[in-house]
*Asks:* 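First the structure, which I've put down as structure tokens, then a few questions once you've had a look.
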Amino acid sequence: MLDLKFIRANLELVRQAIANKNEKADLDKVLALDDIRRKLQFDFDSLKARQNQVSQEIANKKRNKEDATELIEQMGSVSEQIKQLAAELSDVENELNAILMWIPNVPFKDVPVGKDESFNREVRQWGTKPEFSFTPKDHLEVASQNNLLDMQRGAKITGSGFPVYTGLGATLERALINFMLTFHQQKHGYTEMWVPFIVNRKTMTGTGQLPKLENDMYRVDEEDFFLIPTAEVPITNYYADEILPLDKLPIKMVGYTPCFRREAGSYGKDTKGLQRLHQFNKVEMVRFVHPDESYAVLEEMVGNAEAILQALGLHYRVVELCTADLSFASARTYDLEVWAPGTGRYLEVSSVSNFEDFQARRAGIRFRDADGKVRFVHTLNGSGLATPRTIIALLETYQQADGSFKIPDILQRWIG
RNA sequence: GGAGAGUUGGCAGAGUGGUUGAAUGCGGCGGUCUUGAAAACCGUUAAGGAUGCAAGUCCUUCCGGGGUUCGAAUCCCUGACUCUCCGCCA
């Protein structure tokens, strides 16, 4: 959520940001409602002040055993007006808030402006595409020959997009998660968190998934709960509505969760095998930092995610997203795309974003500055990494001529 | 799932329907004293909003929502959560 005062002071900037992100929001309505809100607030405050004052007088009279009937009668109508104004004020505030919730974050100034993903900017590459003496197979074929995956029975149990990992495939999945968690915890200094996989509406709103993405998520209607689409949601909201002492920053948390995504309407495009799923596993890094540091930390976090791919020996590239590809809440995002030799494409395995104070304002995550001032923290998060496409890259990169595949040494200790 | 108790400021913990934004203690910050520190003493210490150049003034908030009343932390209804006991269960 953007600060209303910021919107008022930077109207054109916000208007441009909405357009560049292909979003829609009625800023004129916001300004109009805000005017009404302030006027109602002023009237309400004035009447309340009067009521408070006269209440004192009534109390004094009663204490002195004097008659207060006249004052009480007067206040009857004031009381009615206050109720009326309070109701109007609350309606306007709700309406205003509802619109504010649909205004996206403003992109960082250096983010390339673009209308689709073709405007994304490649930042760098690491490693090179591996060479094969044979035609590399795609991950489904490798998985099939080695009995690692069962998409059909996953579909039978639940539906398409719910894979079953079998035997060594399951072990590899678990090893990968374990490896990544331990790596971030030990080498990058993150605190490991194990959090609920189902969250309430307030939490889902705090990180910006709601109201926009309600239809992309699995719901538990009876409780108005949601299955998390990413660990970002429960981990970021861990400190919601709190004021953190300065010495608690920076906060670095890492957690594994399964991720659940309905994403109706995404069928047909790049869905083969493990490329696009309704349930998948992901290790997520989350950081809360002083506003002055967030862009430096963003670069550092990209490095943290890259370190995993490097340790696994997988070729990848780093891409900066253009405004249109940027998520609703993000101000700047880098994607890591790993090379999948059999599929013949780069696949997104990580997305690292700086949300500045957008999420913090929604979720109420603040800290006390050196001079005692209460401010919003900057929140960042990044996948480190999502497993399915990492598995794709591993299977396709380390496949052998005979159809078997080699598990990278670094994962061996987790395979057992 | 059943029964009971509870939810107040950073924490602990008072609170009679009427100067209670809230006693007291702890913690934090500033000061006096001290070579320095501790102790002691003094002062200070919530967040959000409206208005104003500012100093300031005013309003809201005692888990959330609704109600009673001239007036609610205090009374009523309702929801959430926590704790204790019982039941069930991995």
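Naming: A, B, ... by sequence-line order, numbering from 1 per chain. Fair warning: this is a prediction, and the values are worked out from it, not measured in the lab.
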*Asks:* Can you tell whether the side chains of A:Asp371 and A:Lys373 come within less than 4.0 Å, N to carboxylate O?
*Replies:* no
*Asks:* Please state the P separation for the pair B:U32 and B:A37 - nearest whole angstrom.
*Replies:*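 Result for the P pair: 11 Å, nearest Å.
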*Asks:* With a cut-off of under 6.0 Å to the ring centre and 45° to the axis, is A:Lys252 in cation-pi contact with A:Tyr190?
*Replies:* yes
*Asks:* For B:G17, give the paired nucleotide (Watson-Crick: N1-N3 plus N6-O4 or O6-N4; G-U: N1-O2 and O6-N3; both under 3.5 Å), or none.
*Replies:*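 For B:G17, the partner nucleotide comes out as none, under the 3.5 Å rule.
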*Asks:* Output yes when at least one side-chain N/O atom of A:Arg37 is less than 4.0 Å from OP1 or OP2 of B:A50, else no.
*Replies:*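 So the side-chain polar atoms of A:Arg37 do come within 4.0 Å of the phosphate oxygens OP1 or OP2 of B:A50, strictly under.
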*Asks:* Pick the closest RNA chain B nucleotide for A:Ala59 and for A:Asp3 by heavy atoms, then say which residue is nearer the 5' end.
*Replies:* A:Ala59
*Asks:* Using whole Å, what does the distance between atom P of nucleotide B:U69 and atom CD of A:Gln74 come to?
*Replies:*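 Those two atoms, CD and P, are 19 Å apart.
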*Asks:* Please give the distance between the C1' atoms of B:G17 and B:U69 as a whole number of Å.
*Replies:*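 That atom pair is separated by 9 Å.
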*Asks:* Of the non-hydrogen atoms in A:Leu321 and A:Pro112, which two are nearest, and what is the gap between them?
*Replies:*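 Where A:Leu321 meets A:Pro112 most closely, the heavy atoms are O-CD, 4.0 Å.
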*Asks:* Expressed as a whole number of Å, how far does the C1' atom of B:U61 sit from that of B:U20?
*Replies:* 14 Å
*Asks:* Take atom CG of A:Leu89 and atom C1' of B:A50, then tell me their distance rounded to the nearest Å.
*Replies:*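 After rounding, the gap between these two atoms is 10 Å.
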*Asks:* Tell which nucleotide pairs with B:G36, taking only Watson-Crick or G-U wobble pairs whose two distances are both under 3.5 angstrom.
*Replies:*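 Paired with B:G36, as far as the under-3.5 Å criterion goes, is no nucleotide at all.
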*Asks:* Could you go through nucleotides 55-60 of chain B and list every protein N or O atom that sits under 3.5 Å from one of its N or O atoms, giving the distance for each pair?
*Replies:*
residue, atom, partner, partner atom, Å
B:C59, OP1, A:Asn52, ND2, 3.0
B:C59, O2', A:Asp45, OD1, 2.9
B:U60, OP1, A:Lys48, NZ, 3.3

*Asks:* Roughly how far apart, to the nearest Å, are B:C58 and B:C63 at atom P?
*Replies:*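 That atom pair is separated by 25 Å.
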*Asks:* Under a 3.5 Å cut-off for both contacts, is B:U24 paired Watson-Crick or G-U wobble with anything, and if yes, with which nucleotide?
*Replies:*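 Pairing partner, where one exists within any strand: B:A12.
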*Asks:* Whole angstroms only, please: what is the CZ-P distance between A:Phe376 and B:A47?
*Replies:* 13 Å
*Asks:* Could you report the tightest heavy-atom contact between A:Pro229 and A:Cys259, atom names first, then the distance?
*Replies:* O-CB, 3.2 Å
*Asks:* Could you tell me whether A:Asp35 and A:Arg8 have a side-chain N and a carboxylate O separated by less than 4.0 Å?
*Replies:*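 No, this pair does not count.
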*Asks:* Indicate whether OP1 or OP2 belonging to B:C63 is found under 4.0 Å from a side-chain N or O atom of A:Lys202.
*Replies:*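 False: A:Lys202 side-chain N/O out of range (4.0 Å or more) of B:C63 OP1/OP2.
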*Asks:* Which nucleotide sits closest to the side chain of A:Lys5: B:A50, B:U69, B:A46?
*Replies:* B:A50
*Asks:* Provide the distance between the two C1' atoms, one in B:C59 and one in B:C53, to the nearest whole Å.
*Replies:* 22 Å
*Asks:* Could you please name the option among B:G71, B:G48, B:A50 that lies closest to any side-chain atom of A:Val374?
*Replies:*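 The answer is B:G48, which lies nearest to the side chain.
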*Asks:* Is the closest side-chain heavy-atom distance between A:Arg361 and A:Asp3 below 4.5 Å?
*Replies:* yes
*Asks:* Is any side-chain heavy atom of A:Asn105 less than 4.5 Å from a side-chain heavy atom of A:Phe328?
*Replies:* no
*Asks:* Which part of the nucleic acid, if any, lies within contact of A:Leu71, taking any heavy atom under 4.0 Å across all strands shown: a base, the sugar-phosphate backbone alone, or nothing?
*Replies:*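 Result for A:Leu71 = nothing.
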*Asks:* Look at the side chain of A:Arg63 and decide which nucleotide, out of B:G49, B:U69, B:U19, has an atom nearest to it.
*Replies:*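 Selected nucleotide: B:U19.
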*Asks:* Considering only atom C1', compute the distance from B:G4 to B:U57 and round it to an integer number of Å.
*Replies:*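 Comparing C1' positions in B:G4 and B:U57 gives a spacing of 48 Å.
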*Asks:* For the P atoms, the ones on B:U44 and on B:G48, what distance do you get once it is rounded to whole angstrom?
*Replies:* 22 Å
*Asks:* In whole Å, measure the gap between the C1' atoms of B:A55 and B:U7 for me.
*Replies:* 39 Å
*Asks:* Any side-chain N or O of A:Arg366 below 4.0 angstrom from OP1/OP2 of B:A47?
*Replies:*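 For A:Arg366, the contact criterion (side-chain N or O under 4.0 Å from OP1 or OP2 of B:A47) is not met.
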*Asks:* Check this for me: does any side-chain nitrogen of one of A:Lys48 and A:Asp45 sit under 4.0 Å from a carboxylate oxygen of the other?
*Replies:* no
